Amino acid sequence: MTSWPPLLVLFVLTPLVGAVLTPAVSDASGRRSWEWALGTMLLTSAMAGALIMRVLDEGPFSYVVGGWVAPYGIELRFDEFSAFVAVVCLLGLLAVIFSRHYARDALAPGRIPYYYTLLLLNMTGMIGFIVTGDLFNLYVFMEILSLSAYALVAISGEKTAEMAAFKYLVMGAVSSLSILFGVGLLYALTGSLNMADVTGRLAGSAEAPLVLAFAALTLGFMVKSALFPLHIWLPDAHAIAPSPVSAVLSGLVVKVGILGMLRVYQIAYGSGAIDLSGLNLMLTWLGAISIVMGAFFAVFQDDIKMMLAYSTISNIGYIVMGLGLASPYSLIGASVHVFNHALIKATLFLGAGALIHQTGRRTLTGLAGVGRSMPLTTAAVSIGAISIVGIPPTAGFLCKWYIALGAMQAGEPLFAVALVFGALLIFVYYIRMVNAFYFRKPQEAGAPAVHEAPATMLVPVLILAALCLVMGVLGRLPLSFIEPAVTRLLAPLGGG
Amino acid sequence: MIDLLWDNLDYAASMVLFCIGLYAVITRNNLIKKFMGLNIMETAIFAFIVALGVVDGGNAPIMGEGAAKPFINPLPQALILTGIVVAVSTTALALSLVIRIWRQCGTIEADELREAE
């Protein structure tokens, strides 16, 4: 079963078909759409499990779509970086479960089936983006992902939601065009769109168009991942969206830029046609600035979701800095932080969503003293917050440790200092949050008694919080899993 | 320099078009004009990629009688068909967002919207 070849293409098609059929399956008031979306996500997750087992067994493998052999046809490729689909499926599944009660209260009934359609389409785009081996397909899946994300931001119907979505759309569309331009240039240089084939043919191309191509790709992916100073769309969009959507956007959608950069690096390092040290230096600096600025802005937010949105910018900074340092340790740390940050940020956003849903308040002042009435949710959010600071033994610690080690390895201890400084700032807002939850009195004496969220909201939050701890304790597992991929990536640079 | 520009007039034109679009996206206040700028940018990129496939004096790559080399490259055109579909869906989504913004706020000028927030 695990080596059955068409599984890889079915893996992309299942959520797509599920998405398109959701409005047909459910009735006008949105009944049955939740069950349908849940079933689709369960099936997709099972496939992800089987595919990851296979990559563990035999390393990277690919599937040729329609019998047209690469480089002429479209190739789907699954390697160690593709194992990110595990987190994609897990978060997708939990976001769907979480949405059961949330969507019913937050959205108009007529919109519920379309909400699940968009969520599943988003998953399709994500999965397709991760497993495709073809540059143009990469663009198409990225657009499926982005378009559904813009619509999901707007779906909440809040007053500023459409404006946030429009801002996101304009930035997103410009960055997509930049990426398409880069893909076009690579095609012009090599006459091929298959990534492995492009890598093989790039050597000896003219330098100027090559630099332009990589610059356009990097610029596009940096906007997608909201790296400072191209982050301005992120806080509004992520704070306004419904909470399960925020979790997916912050945990997964911004990672598209990072995974795209990893693909670009695979091409650039593999072909050896271009020296990326200038780009790396820029990414390292922008990453360091992102860490500090994101954390700095987060400290001053009173709105809990706004705070989490800024902390995403800071964490993207960690990952990009890890990529830019380009030493084995920092790359391993960055790749694993892509996984772990997704888990942590989903814990935080879903937990915050549960708090907001139950209390009707979204500011830290308004949420004062909530730890007494909703102990489980606040405990989960606190675990998420510890992880994001990077205190052992939680998931955030190991990756940041590895990135710091990588900075030392690359001979740039200054960036390790930036990393620690960012973590200190993050610690400040963590303290603010815990202080508000546990140590302050509820503001109004006559506030309605709140209690824990329904099980469909509580259980995903608790599962994610538990995973934050488990990933901290079993940290070796993802590290050793990603290591061969990083070694292969850096091999052309001469041992690394 | 001029010769180089003249030989690559198609690429130069799409770059100019791209910059015009980017200028409109950045400077225009009206959301629809902003989006028209984005459409111009899209067109510029599409024109650039289609121009990649052109061969001087080339024929359409269709088999049958009268098929003679050199053929032009059909792949970029096929890609851009997909690209146009993406661009149309983006436009549809953006316009529907603009309609909803107008219904909610009564204006689609970016500066007035900022004040309303």
Side-chain angles (χ1 to χ4, degrees), chain A residues 71-72 74 118 121 125 134-137 139-155 157-193 209 212 216 220 236 240, chain B residues 8 11 14-15 18 21-22 24-26 28 31-32 34-35 37-53 73 75-76 78-83 85-105 107-108 110 112-114 116-117:
Chain A
Y72 306 108
I74 291 169
L118 288 169
L121 270 181
D134 181 276
L135 280 169
F136 192 75
N137 248 10
Y139 165 76
V140 172
F141 280 120
M142 193 181 63
E143 285 300 276
I144 294 178
L145 171 85
S146 310
L147 281 172
S148 53
Y150 311 145
L152 279 171
V153 169
I155 208 169
E158 280 185 47
K159 192 158 181 279
T160 47
E162 280 92 6
M163 197 55 217
F166 190 85
K167 216 195 288 181
Y168 183 17
L169 187 147
V170 170
M171 292 291 279
V174 172
S175 67
S176 298
L177 283 176
S178 172
I179 292 166
L180 182 61
F181 178 60
V183 170
L185 273 174
L186 284 183
Y187 176 71
L189 287 170
T190 60
S192 176
L193 284 166
L212 191 60
D236 285 346
I240 291 268
Chain B
N8 298 305
Y11 299 151
S14 40
M15 283 301 103
F18 186 86
L22 189 60
V25 171
I26 294 171
R28 293 296 110 173
L31 297 188
I32 291 187
K34 241 187 214 309
F35 203 76
L38 202 63
N39 276 339
I40 295 175
M41 286 171 75
E42 276 162 356
T43 313
I45 300 288
F46 294 165
F48 169 75
I49 294 182
V50 169
L52 290 177
N73 185 353
L75 186 66
L79 297 183
I80 291 314
L81 266 182
T82 316
V85 173
V86 170
V88 168
S89 2
T90 317
T91 310
L93 181 63
L95 291 179
S96 61
L97 283 176
V98 168
I99 291 174
R100 290 184 50 92
I101 290 172
W102 189 77
R103 280 200 191 135
Q104 291 221 337
C105 308
T107 174
I108 51 167
E112 289 171 29
L113 281 167
R114 223 167 284 133
E117 275 176 17

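Everything quoted here is computed from the prediction, not taken from an experiment. The chains referred to below are lettered A, B, ... by the order of the sequence lines, with proteins before strands, and numbering in each begins at 1.
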Note to self: Tell me every residue that passes side-chain contact (heavy atoms from CB on, under 4.5 Å) with Leu177(A), counting only those two or more places apart in sequence or in another chain.
What the structure shows: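 Leu177(A) satisfies side-chain contact (heavy atoms from CB on, under 4.5 Å) with Met41(B), Glu42(B), Ile45(B) only.
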Next item on the list: Examine whether an atom of Leu38(B) lies under 4.5 Å from a heavy atom of chain A, and if so say whether it belongs to the side chain, the backbone or both; otherwise answer neither.
Entry: both
Item checked: Part of Ile49(B) lying under 4.5 Å from any heavy atom of chain A ->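 The side chain, not the backbone.
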Notebook entry, point to check: Is a side-chain N or O of Asn8(B) found less than 3.5 angstrom from the main chain of Tyr11(B), in a donor-acceptor match?
Noted result: no
Note to self: When you measure from the side chain of Ser89(B) to the backbone of Val85(B), do you find a donor-acceptor pair of N or O atoms at a distance under 3.5 Å?
What the structure shows: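 Yes.
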Margin query: If we define contacts as heavy-atom pairs under 4.5 Å, which of Gly21(B), Ala44(B), Gly37(B), Pro76(B) has the most with chain A?
Written below: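 Highest number of heavy-atom pairs under 4.5 Å: Pro76(B).
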Measure distances from [X] to the heavy atoms of chain B and classify the residue's part below 4.5 Å as side chain, backbone, both or neither.
X: Ile144(A); answer: neither
X: Val140(A); answer: side chain
X: Phe136(A); answer: side chain

Checklist line | Atom of Tyr168(A), atom of Val153(A) and distance for their closest heavy-atom approach | finding: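 That closest heavy-atom pairing would be CD2-CG2, 3.9 Å.
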Margin query: Quick check: closest heavy atoms across Ile101(B) and Thr107(B), and the distance to 0.1 Å?
Written below: CG2-O, 3.8 Å
Margin query: Using the salt bridge (charged side-chain N to carboxylate O under 4.0 Å, His left out) criterion, which residues pair with Glu143(A)? Sequence neighbours excluded.
Written below: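 Salt bridge (charged side-chain N to carboxylate O under 4.0 Å, His left out) list for Glu143(A), sorted by chain: empty.
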Margin query: Quick check on the interface: out of Ala188(A), Gly191(A), Ser146(A), who has the most heavy-atom pairs with chain B under 4.5 Å?
Written below: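 Most heavy-atom pairs within the cutoff with chain B belong to Ala188(A).
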